[in-house]
Structure formats: structure tokens, C-alpha cells
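First the structure, in the form of C-alpha cells, and then the observations on it.
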Amino acid sequence: MLEVKNLTAQVEGSEILKGINLTVKAGEIHAIMGPNGSGKSTLSKVIAGHPSYEVTGGSVSFDVNRKAVDLLELEPDVRAKEGVFLGFQYPVEIPGVSNVDFLREAFNEVCAHQGLEKLDDAQFKTLVREKLKLLDMDERFLDRDVNAGFSGGEKKKNEILQMALLNPRLALLDETDSGLDIDALRIVAKGVNAIKSRYNAIILVTHYQRLLDLIVPDYVHVLYKGRIIKSGDKSLALELEKKGYDWLIAEAEGKH
Amino acid sequence: MKLSGFGQDTTLTPPPQTEAWRFSNVTAQLPVELRPATKTISNADIVLSGATITVNQLPSGVAVMDIPQAVSDQFWSALPTYGGKVQLKVSHSPDRPLRIRIARDAHLLEEATLGSIHIEIAPAMKLEIEQEITGSPTGLTATETKLNLGSDAQVDHVISLLDGPEALHVTTFHAELAARAHLTQTFVAVGGKMTRMQVSANMNGEGAHASLASITALTGKSQVDLNSKLTHTAARTTAKQLAKNLLDGESKAIFTGKVYIARDAQQVAAEQMNRNLLLSKKAHAIGQPQLEIFADDVKCSHGSTTGQIEEDATFYLLSRGIPAERARTLLTKAFIAEVIHNAPESLRGFLGGRL
């Protein structure tokens with residue numbers, strides 16, 4: 001469903017991605033790990049279309065109705081409507097916009113684009129309540145302004161709530177585990193696992209094995225200096241947990 | 001400047017330009033002669049149009065008073081008093097808002113709407129005011145609205161001001177607050193060619209509180225100059241002011257806000273904030289918050305910020321499927337919402353649809 005080929009990208013003139021190749025199929029969970037500054041967040045932002053990042057080469061194709069389309073040609077809102085979702089590492093606070101209005105607006109935009117019927121206020125509330133339950137969230141979340149004054153854990157739950165509502169085909173979760181205590185982490189993982197199906201795919205950007213104990217990846221990739229230097233199955237994450245990145249970095253630099 | 005048709009004909013000499021008016025040279029644009037604008041009919045409780053005040057059905061507890069009024073020798077304070085005048089007394093809390101409408105029907109700059117409205121609120125009474133100043137493509141408007149709150153009185157005042165592209169407008173809102181009186185005043189303004197708003201509140205009795213919030217939305221070459229003064233003469237008084245501007249085109253907004261705290265006014269808390277959101281490259285904002293504090297045990301904060309819609313917030317909305325144009329609208333509404341929330345919920349509907 002997603003095919004990233006030789007992708008290079010820069011921000012403010014410095015090259016962050018130096019040739020990424022990644023293939024993700026429906027039903028798969030991929031974990032992207034790597035030391036700080038390796039380009040993990042950049043990769044997910046580029047796929048979602050953040051305007052601060054400039055793609056300098058390569059391609060990203062995404063299946064829409066079984067046809068590969070060039071994702072880089074689409075505006076960020078169109079990517080979202082086609083089923084790409086970015087769970088933010090730092091969700092943005094928007095005082096003055098209530099969470100429920102924001103959620104309904106996003107939901108209806110995505111539905112309209114996909115040819116699904118919009119829900120009226122009552123129907124939407126029913127749907128949202130169901131999703132809130134999944135994430136152990138209080139209904140009062142709906143009337144609060146988007147992420148304004150939310151704790152770190154509440155913000156991350158709110159991201160997964162949005163994911164649950166928008167039902168994306170490709171979810172990029174950028175350090176969704178950071179800032180979560182163990183209980184919140186369990187709830188978030190439970191939410192993600194409930195949304196997961198054989199029709200969608202998830203890319204988890206993470207530093208820690210503890211998330212991967214709860215959301216078990218099919219593939220683990222190690223990103224270093226803008227390149228994937230190693231790919232493997234879930235045992236690679238366990239090995240990293242024990243040995244750190246140094247051995248891989250030495251191996252990769254030896255090759256160059 | 002000659003005034004014809006305002007009761008008695010008279011000639012007033014506009015004042016020379018002073019420092020306090022340096023951004024709004026209204027006097028330079030005044031016509032040689034002023035005539036009252038056409039009278040308009042409206043079913044509001046109090047209607048000011050041209051030089052006429054019409055009192056329709058008032059809410060229960062509100063009555064017209066006849067109190068002699070001193071005429072100021074200061075040009076801008078005197079000018080409104082040549083038009084329609086009314087003084088009201090609120091002796092019981094009415095069961096509905098008092099509706100004031102300043103209706104202007106002017107097609108020439110010479111056509112003026114002048115008037116003065118004074119309202120006295122008896123101790124412990126509650127009043128809600130919906131004041132609407134409706135559009136006119138041009139003409140001069142000079143009005144004052146003064147409130148006098150007795151001890152423990154509570155007033156929630158919402159004001160919507162809509163000026164046409166060639167309109168000149170000088171408007172004064174002033175409030176006196178006795179002990180524990182509580183005032184909220186919320187302005188929504190769409191500015192004309194030049195609007196000068198003078199907003200002031202005097203906290204005269206212990207425990208008095210005023211909360212003022214305003215949003216002006218400007219496009220084209222509109223200019224709004226908001227000049228405010230919050231004066232604390234009694235101890236333990238509090239005031240909050242939020243002045244926001246939403247600026248598009250080549251518009252310009254000026255905010256000059258003074259907080260004055262007298263020597264004996266200890267334990268005062270005052271907050272003043274000016275925020276400008278620029279929607280175009282040629283829009284311009286000037287913020288001048290000023291503090292004059294003579295007491296030593298006070299809590300004061302003030303500031304002024306000017307910026308554009310945040311890229312991160314826009315991207316967040318885009319990444320959820322909300323199109324760019326809609327994202328911009330939502331973020332602009334969010335900027336306005338904080339001001340609207342200064343008004344009690346029951347009066348927000350009056351303001352909500354104005355922008």
C-alpha cells in the first residue's frame with residue numbers, strides 16, 4: 001500500500017533523509033527505531049506532507065482504490081482524506097476550537113471525500129462516545145478546547161481518538177509512547193490494537209521496546225543518519241534493547 | 001465646524017491635534033458643516049438616529065430620568081451632547097436585556113449621528129445590555145455611553161459596531177463602579193475608514209471588578225484606534241482587558257491602554273493584553289500598553305503580541321483532512337472566541353453572528 005523509494009528530504013537547507021526505501025503492505029505493523037536526530041520524525045512528517053520539509057528526490061506511492069498514486073503530489077488534507085494519518089509527537093494546542101467541533105469537522109471531511117454519508121450531531125456523538133470508551137476517556141474531553149491544557153497523556157490519547165474516528169488505512173504514529181505512564185501506554189496500545197485490521201497498516205516511530213511489547217511489529221527498521229541501516233523482525237527490537245545501537249552503527253559505517 | 005439642525009445651530013472649533021490622537025487625525029477630516037443623518041425606525045428599546053433619541057417599550061425596572069447634564073468644554077466630549085440624549089435609571093433588575101440601537105443612515109460625510117446615553121444602575125441590581133451600532137457607508141458618528149454602577153450592581157454589556165468603508169466614528173464608553181460592582185463589556189467591531197474608541201472604567205469602591213474584551217476585524221484601508229484607561233482608586237479592585245485585532249488588507253489597528261493605580265489602591269490586580277493577528281502582509285498593528293502604578297502592593301501584567309496564523313496549527317488541521325481555507329477560518333474563529341467568551345453565555349449569540 002505504501003512504497004517509499006530513495007526518498008531524500010531537507011529542512012532549512014540541511015538534508016535529513018538521505019535515501020529511504022520502505023515497503024508497507026496492508027495488515028502490517030512496522031516499527032522505526034533509531035537514535036535521536038536520525039530522521040524518524042522527519043520521515044513521518046514528509047509522508048503526511050508537513051510544509052517545512054522539502055522533498056529533494058525519490059518517490060512515495062500510496063494505493064488509492066488499488067491504484068498507486070504519487071502521495072507527494074497531494075495536499076496534506078487530501079492525503080488525510082485518502083487515509084493517511086499522522087499521530088503527532090507533540091499534538092498542537094488550539095484554544096478557541098472545541099475538541100468535538102474539531103473531531104466532527106475532520107470526520108465529515110474525510111467521510112465526504114470517501115463518498116460516505118456525513119453523520120448528524122446526535123449520530124456523531126454516539127460514535128464518539130463509543131471511541132472514548134475504547135480509550136478510557138471522559139466525555140468532558142469533547143467540550144474542552146483542542147489539546148489546550150491537556151496533560152501529555154491526554155494529548156496522546158486524543159491522537160488515538162482521532163485515529164479511531166478517521167479510521168485511516170495508513171497510520172504513522174510518531175513517538176506516541178513518549179510522555180505516557182505505563183497505564184496510559186496500555187490504554188493507548190489497546191486502542192491501536194483495536195483499530196488494527198488486515199486492511200490497514202501502522203508505522204510506529206519509537207525509541208522503546210516497551211511499546212513494541214504491547215503493539216507487536218512485523219518489521220523493525222533502524223534509521224541512522226537519514227538511511228535505514230538495518231531491517232528485521234521483532235527480535236531486532238529486543239536485540240537493540242539489550243545491545244543499544246552502537247554495534248549497528250559500527251557495522252553500517254564499516255560498510256561505507 | 002457648523003452644526004445645523006441639531007436643536008440650536010452652533011459653531012464648534014475642532015481642537016488641534018494632540019499626542020493622544022496622533023494616530024487618528026479625525027479632526028483633519030471633519031466637514032465644514034454637520035447635519036443630522038436621516039431618522040430611522042427600529043423596534044429596539046432605545047434608538048438613536050441622526051440627532052433623535054426614541055424611547056420605545058423599556059424593560060420593567062428601567063425608567064427615563066430627567067437629570068440636568070453638564071456640557072463639557074472639551075470638543076469630543078461636547079459633540080455627542082448636541083444630539084439625542086437620554087438618561088435611564090435601573091431601579092430593579094429587568095427580566096430581559098436592554099436593547100440599544102444606534103442606527104445610522106448617512107450617505108454623505110456631513111450627515112452625522114450624535115448622541116449620549118447615560119444609565120444609572122441602583123445598588124445590587126443586574127442589567128444586561130445589547131447595544132448595536134449599525135452600518136452606514138459614510139457619515140460621522142460621535143456618541144457616548146456612560147454607565148454608573150451602584151455598589152454590588154452587575155452589568156453585562158455587549159456591543160456590536162459595524163462601520164461602512166468611508167465612515168468616521170468617535171465613540172466613548174465609560175463606566176463608574178462603586179464597591180463590589182461587577183462589569184463585563186464585550187465589543188465586536190468591524191471598522192470603517194477611521195474609528196476612535198475610547199473605553200474607560202473607574203474602580204472607585206473596594207472589590208469593584210471590570211472585565212473588558214474587544215475584537216475588531218478590519219479589511220481594506222480601515223483603521224481602528226482603541227484608547228483605553230482603567231483607573232483603580234480603591235483597594236482590592238480588579239480589572240482585566242483583552243484587546244484583539246484581526247487585520248487584513250492594508251488595515252491598521254492601534255491599541256493604547258493605560259492602567260492607573262492610585263497610591264492608596266493596594267492589592268489591586270490588573271491584567272491587560274493586546275493581541276494582533278495579521279492576515280495580510282500590508283496590515284499593521286501598533287500596541288502601546290502603559291502602566292502607571294503608585295501603590296506598592298499590586299499584581300499587574302500587560303503585553304502586546306503581533307503574529308500570523310501558526311503554521312503548526314494549520315498543518316495539524318490539514319493532517320486531519322480539513323482543507324486549507326477551512327483551517328484558516330477555524331483558526332481565525334478561534335482567535336475571536338476568547339473575546340466572545342468574556343460575555344455571559346446568554347449574550348454570546350448576539351455577538352456570535354456579527355463577524
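In what follows, every chain begins at residue 1, and chains take the letters A, B, ... in the order their sequences are listed.
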Is [X] atom [atom1] crowded by more than 12 heavy atoms from other residues, nucleotides or ligands, each under 6.0 Å away?
X      : atom1 : result
A/K190 : NZ    : yes
A/F141 : CZ    : yes
A/K196 : NZ    : yes
B/Q288 : CD    : yes
A/R140 : CZ    : no
A/E75  : CD    : no
B/E310 : CD    : no

List the atom of [X], the atom of [Y], and the distance in Å for their closest heavy-atom pair.
X      : Y      : value
B/F315 : A/P76  : CE1-CB, 4.0 Å
A/K81  : B/G321 : CE-O, 2.9 Å
A/G96  : B/A337 : O-CB, 3.8 Å
A/E109 : B/I322 : CG-CA, 4.2 Å

Chain B contact via [X] - side chain, backbone, both or neither, heavy atoms under 4.5 Å:
X      : answer
A/L86  : both
A/V97  : both
A/P168 : neither
A/P95  : backbone
A/V146 : side chain

Do the non-hydrogen side-chain atoms of [X] and [Y] ever get within less than 4.5 Å of each other?
X      : Y      : value
A/N147 : B/Y316 : yes
A/L166 : B/R320 : yes
A/F88  : B/S319 : yes
B/P323 : A/H113 : no

CD on B/E338 to CG on A/D145, rounded to 0.5 Å
9.5 Å
Separation between CD1 of A/I94 and CG of B/L330, rounded to the nearest 0.5 Å:
8.0 Å
